[in-house]
Amino acid sequence: ALPESVVVVLFGATGDLASRMVLPALHEVHDRGLMPAHWRLVGCATDVLDDDGFRDLVRASLERSELGVPAGWDPSAVRYAGGGFTAEDSGELPTVLAQVREELRDTAGTEPVVLHFLAVPPVAFAAITKGLGAHGLADGARVVFEKPYGTSAESFKELDALVKEVLTEDQVFRIDHFLGKEGVQTIYVLRFANQLFGSEWSRASIDQVQIDVPEDLDVANRATFYEATGAALDMLVTHLFQVAGQVAMEPPADLRDPESVIAAREAALRAFRPLDPVEDVVLGQFEGYTDIEGVPSDSVQDTFVAARLWVDTERWRGVPFLLRTGKRMARKTQRITLVLKPPFGPLAGELSEPNTIEICFAGDGEIRLGITVKTPGPDLTFSPGKAVLELDDVPGGEPISPYASLIHDALIGDRSLFTTAEGLRAAFAAFAPLQGEARPQPEPYAPGTWGPAAAHRLAAPHRWMLGE
Ligand code: BG6
């Protein structure tokens, strides 16, 4: 349930992530009437600013955002606490937080929920978390961590151990914004509310699952981050694995009970077989990557990854999950495709195209069915048809952006769509072989294509449903 009052403490408040994503999303939450009746936003960063200076930054961020600045905007609920925040030096935060809590106690008559939002680079996670413990700001609070939460099995373990010294798991909200996308959230409704889909959701009917996230963007403006990360770490072990978990999970006992949804997704992630880097992974690097300023000329960083993941459950035995993403590819889209087995019976062997269930999770989301129909006309011949349902067109609804959706969930204390320590531990365990000695060399691909030719073999006997 939505608390009576809340203080959102935004760490990294003057940074790029706060300005591009978090502040507009908070506004979206507010705009949709999903904010508690009484609220304060406290920006926290090292910059020397006063309240008005920070309010100007918030205003500038909203001006650039889709919703713009709300009419009659009153910034009095926005405060700023400078001086940074670590265990050694608490800066202005404890004082400002004590003030706004008291204000809210007076107006709302109850103790506000405190939501610490860490929109900071991962290197700062540890220092801030220790600070929360050291200065008594962790008790009863909820803490939102941005990704990446760890960059390997070991660094994940280290970070999580430190976090657990200060917080209990149910206080921790680790964001993977792909789980907040409308198209991804609709998967289990599609499946559990519609027998038509639910009954087909297994190896009995499905040949392959493809989770495909090609991007046409360049990495030139974030070369330093990218060179240290690469496509597999940036996207595969995080977003694509979580989406795969969402597709692969067994029916939770209760879809409205976060613990039961979490348990189902964790069980799916635990069933991921560790990747075989030789048989099941193709890495790529687009031609021209090493010419980017900040990228060493001998870089072997991957800008493309295609992987064949096996989910060792009874439901999915023998069904490859093909995961693919990369930069500078032919187009930008985000799609899950369940490739159905060919029919038996009178039309066995006659159809050229497999039937598909597709979930596009870019933007507002879309469900598409690739079905075979009689080619209209006098003859009995067959054509692939497409039925498209745009989620935006569903009556009575209004798609919510992933960040706003997840912030709302954090406000009501619902962890269903956040990654958990156990889920990430399992994800890094399946990913670990790709960080070892058997990691393949990235193969070159031309910008504007679908990646290295070698990736095609992973999809056999089908093909990647997106692409040539
Ligand atoms: C981020 C990755 O987490 O997700 C980026 O770091 C990627 O490399 C982005 O481009 C994709 O997000 P979206 O919102 O476009 O789906």
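What you see below is based on every heavy atom in this structure, not just the backbone, and it leaves out hydrogens, waters and symmetry mates. In each ligand, atom 1 is the first atom listed, and ligand 1 is the first ligand listed. These numbers come from a predicted model, not from an experiment. Throughout, numbering of the chain's residues begins at 1 and tracks the sequence.
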Check: Can any side-chain N or O of His27 pair as donor or acceptor with the backbone N or O of Ser61 at less than 3.5 Å?
Finding: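 Pair absent, no side-chain N/O of His27 close to backbone of Ser61.
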
Margin query: Has Asp257 got a side-chain atom pairing as donor or acceptor with Glu259's backbone, closer than 3.5 angstrom?
Written below: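 Judged by distance alone, yes, a pair lies under 3.5 Å.
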
Next item on the list: Report, as yes or no, whether the 6.0 Å neighbourhood of atom CD on Glu293 holds more than 12 heavy atoms from other residues, nucleotides or ligands.
Entry: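 Open.
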
Check: Should we count NZ of Lys157 as having more than 12 external heavy atoms under 6.0 Å?
Finding: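 Not more than 12 within 6.0 Å, no.
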
Could you list the atoms of ligand 1 found under 4.0 angstrom from a heavy atom of [X]?
| X | answer |
| --- | --- |
| Lys327 | 5 (C), 7 (C), 8 (O), 10 (O) |
| Asp234 | 2 (C), 5 (C), 6 (O), 8 (O) |
| Lys147 | 1 (C), 2 (C), 3 (O), 6 (O) |
| Met235 | 2 (C), 7 (C) |
| Lys181 | 13 (P), 14 (O), 16 (O) |

Item checked: Distance-only polar pair, side chains of Thr419 and Gln242, donor-acceptor under 3.5 Å ->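 Their side chains do not contain a donor-acceptor pair, so the 3.5 Å distance test is not met.
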
Margin query: I need the nearest protein heavy-atom contact for atom 11 (C) of ligand 1: residue, atom name and distance, please.
Written below: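 The closest heavy atom on the protein side is Glu215 OE2, 3.6 Å.
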
Note to self: Tell me the protein heavy atom at minimum distance from atom 14 (O) of ligand 1, and give that distance in Å.
What the structure shows: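 That would be His177 NE2, 3.0 Å.
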
Check: Are Tyr226 and ligand 1 in contact, using a heavy-atom cut-off of under 4.0 Å?
Finding: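 Flag not set, Tyr226 not near ligand 1.
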
Check: Counting heavy atoms only, which of Lys332, Arg222, His239, Glu146 is nearest atom 1 (C) of ligand 1?
Finding: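 Of the listed residues, His239 has the closest heavy atom.
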
Item checked: Passing candidate, side-chain contact (heavy atoms from CB on, under 4.5 Å) with Phe304, options Gln285, Arg328, Glu215, Arg324 ->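 Only one option passes, and that is Arg324.
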
Item checked: Pair Arg425 + Asp160, salt bridge at N-O below 4.0 Å ->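 Salt bridge between Arg425 and Asp160, a charged N being under 4.0 Å from a carboxylate O: no.
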
